[in-house]
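To find a chain, count down the sequence lines: A is the first, B the second, and so on, and within it residues start at 1. Please read these numbers as outputs of a predicted model, since none were measured by experiment.
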Amino acid sequence: MFFQKELRRQPEFWEGVRDQSHVSMGIAAWGLMTGVAMVESGLSVLEAVLMTLIVFAGSAQLAAVPMLVGGAPLWVIVAAAFCVNLRFVVFSAHLRPYMMHLPLWQRLVSGYVMVDLTYVFFTRRFPVPGTTSQERLSQQAYMMGNCAINYLAWMGASLVGIALSNAIPTAWGLGFAGILALVGVLSSMANSGLRMVSVGVAGTAAVAAWALPLKLNIVVAIASAVAVCLVIEAVRAPRDPSGAQRV
Amino acid sequence: MFDIDLRTGITIVALGVLSVLTRSLFFISSRPWTLPRWAQRGLNYAPIAALAAVVVPEIVMAQGAFINTWQDARLFAVAAGLAWFAWQRGVLGTIVAGMAVYLPLRLGLGW
């Protein structure tokens with residue numbers, strides 16, 4: 001956890017802080033607009049603050065608020081948020097081998113603070129789970145430095161957005177800075193042919209399946225991109241074994 | 001302004017619990033278990049696919065439909081951001097370059 005001194009002593013903690021701070025402006029702009037949007041959609045200031053501090057999931061919040069204000073039953077709102085959060089279930093399957101040496105409460109807290117960009121940064125920096133205790137400590141330190149900056153940027157900006165919700169119209173579109181941050185990170189990951197294929201397939205599928213309810217188009221897009229890449233890998237493997245390993 | 005009703009409060013707590021559970025679903029049980037090989041290989045492509053699935057519709061769609069005009073500030077902003085990234089490889093610069101194109105087009109020309 002980022003409150004553990006032991007982790008802050010690792011150089012990887014500060015590496016995580018540095019990496020995440022490059023995108024924190026985009027995260028902050030996105031958080032700001034989420035704060036504005038929650039109040040504009042009809043939550044009271046106190047409700048919006050509690051939702052920010054407790055839920056800590058931008059897309060799920062934006063999906064839940066109109067339903068909440070419109071009087072939808074609790075189970076419908078939770079089911080919708082679960083679907084919006086389904087990508088995190090995929091992330092948790094991926095991260096399991098990095099986490100299982102920790103006690104349960106630390107695994108749960110690490111999961112809670114692990115969101116899209118921190119997952120992407122972490123798996124880019126550490127493609128293979130650590131085997132020695134020093135490696136595990138370094139990985140934990142990087143993860144927590146990264147998550148701490150993301151958490152602070154998101155929370156701080158969301159609370160400012162709630163406070164200024166009357167002064168900043170959503171029409172300015174400041175939230176687009178968050179999309180640009182994701183575009184930058186995406187570009188930095190597109191380092192192999194198959195990963196570019198993954199971007200193409202996922203992007204196309206997400207647009208084509210847009211009409212699905214509850215942001216399920218994102219899950220469809222991930223599944224189809226992974227499936228297409230695995231098939232291409234399998235077809236290429238016999239002829240070009242080295243190429244298949246280059247991911 | 002500081003009012004809160006019980007239903008909203010319960011929903012907020014339920015959504016908070018849901019955030020923890022979905023993000024740690026595969027960390028909860030400590031029984032030995034590993035992903036099948038094909039799924040491990042597939043995860044090489046999952047992070048970038050998740051990003052693309054979130055980003056691409058936000059750039060090329062409006063009101064639930066594919067945009068049918070090139071006069072959209074987002075297209076030029078992303079082009080500027082990508083150009084910056086190709087040149088300097090920095091994410092912060094990508095955001096700044098993109099917004100420098102986006103805001104004048106959106107606020108000035110209404111694109």
Just give me the residue among [options] that pairs up with chain B most often, heavy atom to heavy atom, under 4.5 Å.
{"options": "A227(A), G200(A), S92(A)", "result": "S92(A)"}
{"options": "M25(A), R87(A), M99(A)", "result": "M99(A)"}
{"options": "I222(A), L86(A), V219(A)", "result": "I222(A)"}
{"options": "S198(A), G26(A), A221(A)", "result": "S198(A)"}
{"options": "S21(A), S187(A), A211(A)", "result": "S187(A)"}
{"options": "L53(A), L68(A), I218(A), V220(A)", "result": "L68(A)"}

- Query: Hey, what's the ring geometry for F122(A) with Y98(A), parallel, tilted or perpendicular (30° and 60° as the breaks)?
  - Reply: perpendicular
For chain A, find which of [options] contributes the most heavy-atom pairs closer than 4.5 angstrom.
{"options": "V54(B), V13(B), I48(B)", "result": "I48(B)"}
{"options": "V56(B), L25(B), T8(B), T94(B)", "result": "T8(B)"}
{"options": "V78(B), V96(B), L21(B)", "result": "V78(B)"}
{"options": "S30(B), G9(B), G81(B)", "result": "S30(B)"}
{"options": "A39(B), A46(B), A73(B)", "result": "A46(B)"}

- Query: Going through the distances and angles, do L15(B) and I54(A) end up as a side chain to side chain contact (heavy atoms under 4.5 Å, CB included)?
  - Reply: CA-CA 8 Å; L15(B) 291 178; I54(A) 294 174; over 6 Å; no
- Task: Can you spot which of V113(A), L117(A), V109(A) makes a side chain to side chain contact (heavy atoms under 4.5 Å, CB included) with C147(A)?
- Result: V113(A)
- Message: Against M51(A), only a single residue in T34(A), L43(A), I162(A) fulfils side chain to side chain contact (heavy atoms under 4.5 Å, CB included); can you say which?
- Response: L43(A)
Please confirm whether the backbone N or O of [Y] pairs with a side-chain atom of [X], one donor and one acceptor, at under 3.5 Å?
{"X": "N217(A)", "Y": "A209(A)", "answer": "no"}
{"X": "T52(A)", "Y": "S158(A)", "answer": "no"}
{"X": "S24(B)", "Y": "F27(B)", "answer": "no"}

What part of [X] gets closer than 4.5 Å to chain A, counting heavy atoms only: side chain, backbone, both or neither?
{"X": "I28(B)", "result": "both"}
{"X": "L107(B)", "result": "side chain"}
{"X": "M61(B)", "result": "side chain"}
{"X": "F85(B)", "result": "side chain"}
{"X": "V60(B)", "result": "side chain"}
{"X": "W38(B)", "result": "both"}

Pick one of side chain, backbone, both or neither for [X], based on which atoms fall under 4.5 Å of a heavy atom in chain B.
{"X": "L104(A)", "result": "side chain"}
{"X": "A60(A)", "result": "neither"}
{"X": "F56(A)", "result": "both"}
{"X": "L95(A)", "result": "both"}
{"X": "A223(A)", "result": "neither"}
{"X": "T123(A)", "result": "side chain"}

- Message: In this structure, is the centre-to-centre distance between the rings of F26(B) and F91(A) below 6.0 Å?
- Response: no
- If we ignore angles and hydrogens, is there a donor and acceptor under 3.5 Å between the side chains of Q20(A) and Y151(A)? no
- Item | Steps toward side chain to side chain contact (heavy atoms under 4.5 Å, CB included) verdict (Q140(A), H101(A)) | CA-CA 11 Å; Q140(A) 220 53 39; H101(A) 63 282; 3.8 Å; yes
- Task: Check the pair I149(A) / R18(A) against side chain to side chain contact (heavy atoms under 4.5 Å, CB included), numbers first and verdict last.
- Result: CA-CA 9 Å; I149(A) 294 301; R18(A) 240 184 353 262; over 6 Å; no
- Yes or no on side chain to side chain contact (heavy atoms under 4.5 Å, CB included) for F121(A) and V23(A), after CA distance, side-chain angles and deciding distance? CA-CA 11 Å; F121(A) 277 119; V23(A) 294; 3.8 Å; yes
- Cation over ring face, R23(B) and F88(A), 6.0 Å, 45°: yes
- State whether D19(A) and R125(A) are salt-bridged, where the test is any N-O pair (Lys NZ or Arg NE/NH1/NH2 against Asp/Glu carboxylate O) under 4.0 Å. no
